[in-house]
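Please read all numbers here as calculations on a predicted model, not as lab measurements.
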Amino acid sequence: MSGFSRRDFLRATGSTAAAAIAGPAAAAAMGPDDKFDLVIKNGDMIDPSQSLRGKRDIGIRWGFIEAIEDEIPAARASKTIDASGKLVMPGLVDLHCHVYPYGSAIGIPADELVQFQGTTTVVSAGDAGVNNLAALRRFIVAQSRARIYAFVHIANNGLSAFPVAELYNIDNAQVEACAMALAENPDFLIGVKVRMSENVIFKHGVEPLKRGIQACEMCGWPARMMVHIGGVETKELMSDILDLLRPGDILTHAYSGAPNMSGAFTNIVQDGKLLPAALAAKQRGVLFDVGHGGGSFDFTVAEIAIPAGCTPDTISSDIHVFSGNSPGIPFLPNVMSKFLAMGSSLEQVVAMATSVPARIINRTPKIGTLQRGAPGDVAIMDLVEGPVTFVDTRNNKRDGNLQLKPVQTVVNGVPFGRPYQAPFSVR
């Protein structure tokens, strides 16, 4: 009989689990003959979290980034991706998308987005309310290779009844229940989502937002609000919404040009000017998120708001089963490309889809970065040069010369699915 006892087994398995949790720092150092599980070679690495840009090889071992070097010998790689001529960046973090299939009327599986978006971490923007949050966590998040976090909707039913508005009946917004959900899920939830468009909240004014803030403040940890705008009932209500937002809260669809139910333009740019309340919110630390979607990004709004001081903090897709088929093509790399066309630098747009949203969801320093010890989440993209025309959600067009196109995504050190394009080899 083997001398390996039950106690030895438990000790060994416990050590393995601890190493998996702690990453390479808990594992033995690599010996001269040890191989990386995967080496991404010859890529143009861009990582705003480390202010790094240049040709680097990335060595991944046991699912974590083990080395970033000028050159890693091919002999030290079990598998290699040749990223010559490609951008290599952290796996993208999409702060606003809808990834609750079957539980939300608009949800799309997060894993189906990985190869088309380069997203290794996504945030469900209010798909679930208290009544169906547990199912999102147990049956969707637990089975997804992409990391999923969430904002819980202030409405108990979340977006399950879409297109029926979840807040026409204000009784759906139960503060105590929402606060309890936050208190019980601080490792998974980021905060509370509320949609403040007229066609969602009817005549309830700022009450849904006030209830969301109250739930955040009752839960026992610093939960954030994510507040959807676009077609707010009145011009005055938009300023009231902005005045209520706290530092660290998120204004999503910040550059929406969607009118209200009467056809009036009631968002942060009115009569061709940025609202003073919008600039004041930005200056006190409210975060501006793009949330492009199928109806929530207007070049003409952004072109007024951004020079006036309301720059975006994060670029997100608001991708779901309907918006993904809209003319604006809101897949995250395409939305990032629109901001390149508007004058943002490559480093800025990559930061707004990696390190900044990672910080907002409190997952730094391990998500949205390529630093040693971080999970092996990598997005490889082409930066295509040449004339391209971009369309917003109101059929405004802008021309550009650069477009990001996904090539391959690596999640936890493993190439994900089939390549979106295949001008390279995986050996």
Side-chain angles (χ1 to χ4, degrees), residues 17 20-21 63 91-114 117 119-162 166-167 172-195 211-212 215-226 228 250 252 289 291 316-321 357-364 366-368 375 377 411-412 416:
I21 293 169
L92 302 187
V93 181
D94 194 343
L95 189 65
H96 181 155
C97 54
H98 295 280
V99 286
Y100 191 2
Y102 320 118
S104 162
I106 63 175
I108 187 170
D111 286 350
E112 291 187 9
L113 295 171
V114 173
Q117 288 210 140
T119 45
T120 57
T121 301
V122 295
V123 180
S124 168
D127 292 300
V130 172
N131 292 353
N132 56 351
L133 180 66
L136 171 64
R137 179 161 192 168
R138 286 165 173 77
F139 303 124
I140 303 298
V141 176
Q143 300 179 47
S144 174
R145 283 180 61 190
R147 292 177 180 82
I148 303 177
Y149 300 99
F151 288 91
V152 62
H153 207 299
I154 187 59
N156 283 7
N157 54 333
L159 297 178
S160 61
F162 188 91
E166 65 272 15
L167 285 169
N172 284 332
Q174 298 287 324
V175 173
E176 292 81 4
C178 187
M180 181 65 74
L182 291 167
E184 292 175 344
N185 296 276
D187 59 322
F188 164 56
L189 294 178
I190 311 303
V192 177
K193 171 75 179 294
V194 63
R195 298 201 298 158
R211 294 191 185 193
C216 287
E217 294 178 346
M218 288 175 62
C219 76
W221 55 274
R224 302 177 188 267
M225 286 298 308
M226 175 180 272
H228 155 130
I250 301 159
T252 193
D289 174 56
S316 64
S317 68
D318 184 26
I319 194 79
H320 52 77
V321 294
R359 173 178 54 80
I360 291 171
I361 66 173
N362 300 317
R363 296 302 182 274
T364 55
K366 298 304 183 185
I367 301 295
D377 291 358
V411 181
N412 283 324
F416 194 101

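Taking OG from Ser124 and CD1 from Ile190, the interatomic distance works out to 10.5 Å, rounded to the nearest 0.5 Å. To the nearest 0.5 Å, atoms NZ (Lys193) and SG (Cys178) are separated by 13.0 Å. Here the straight-line distance linking atom OG1 of Thr121 with atom CG of Asp94 works out to 10.0 Å at 0.5 Å rounding. The distance from atom CG of Asn131 to atom OG of Ser160, rounded to the nearest 0.5 Å, is 8.0 Å. For the atom pair Leu95 CG and Met226 CE, the distance stands at 4.0 Å (nearest 0.5 Å). Distance check, rounded to the nearest 0.5 Å: CD1 of Ile250 to CZ of Arg224 gives 6.0 Å.
Applying the side chain to side chain contact (heavy atoms under 4.5 Å, CB included) rule to Ala134 yields the partners Arg138; only residues at least two apart in sequence or on another chain are considered. The side chain to side chain contact (heavy atoms under 4.5 Å, CB included) check on Arg359 picks up Val356, Thr364, with sequence neighbours excluded. Under the side chain to side chain contact (heavy atoms under 4.5 Å, CB included) criterion, Val175 pairs with Arg211, Gln214, Ala215, Met218, not counting sequence neighbours. The ring pair (Phe, Tyr, Trp, His ring centres under 6.0 Å) test applied to His228 returns His253, not counting sequence neighbours. Residues meeting the side chain to side chain contact (heavy atoms under 4.5 Å, CB included) test with Ala183, sequence neighbours left out: none.
In terms of heavy-atom proximity, Leu189 sits nearest to Trp221 at O-CH2, 3.2 Å. Summarising the geometry of Leu136 relative to Ala128, their closest heavy-atom pair is CD2-CB, 3.9 Å, with the distance given to 0.1 Å. Nearest heavy atom pair, residue Ser316 against residue His96, reads OG-CB, 3.3 Å. Closest approach of Gly103 and Asn132 over heavy atoms only: O-ND2, 3.4 Å. The two residues Pro375 and Ile367 come nearest to each other via the heavy atoms CG-CD1, 4.3 Å. A pairwise comparison of heavy atoms in Ile319 and Cys97 identifies CG2-CB, 3.6 Å as the closest pair.
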message = With side chain to side chain contact (heavy atoms under 4.5 Å, CB included) as the criterion, how do Arg195 and Leu167 come out once you've worked through the C-alpha distance, each side chain's angles and the decisive distance to 0.1 Å?
response = CA-CA 8 Å; Arg195 298 201 298 158; Leu167 285 169; 5.7 Å; no
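A distance-only check finds a donor-acceptor pair linking the side chain of Asp127 to the backbone of Val99 [under 3.5 Å]. No donor-acceptor distance shorter than 3.5 angstrom exists from the side chain of Tyr100 to the backbone of Leu159, with no hydrogens or angles considered. Listed for the Asp377 side chain is a donor-acceptor partner under 3.5 Å among the backbone atoms of Asn412. Between the Asn185 side chain and the Ala181 main chain, a donor and an acceptor come within less than 3.5 Å of each other.
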Show me the donor-acceptor pairs, under 3.5 Å and distance only, between side chains in residues 106-114 and residues at least two apart or in other chains.
unit_1	atom_1	unit_2	atom_2	d
Asp111	OD1	Ser144	OG	3.1
Asp111	OD1	Arg145	N	3.2
Asp111	OD1	Ala146	N	2.9
Asp111	OD2	Arg145	N	3.0

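Val93 pairs with exactly one of Thr119, Val122, Ile361 by the side-chain contact (heavy atoms from CB on, under 4.5 Å) rule, that one being Ile361.
Asn172 is not listed as a side-chain neighbour of His153, based on a closest heavy-atom distance of 4.5 Å or more.
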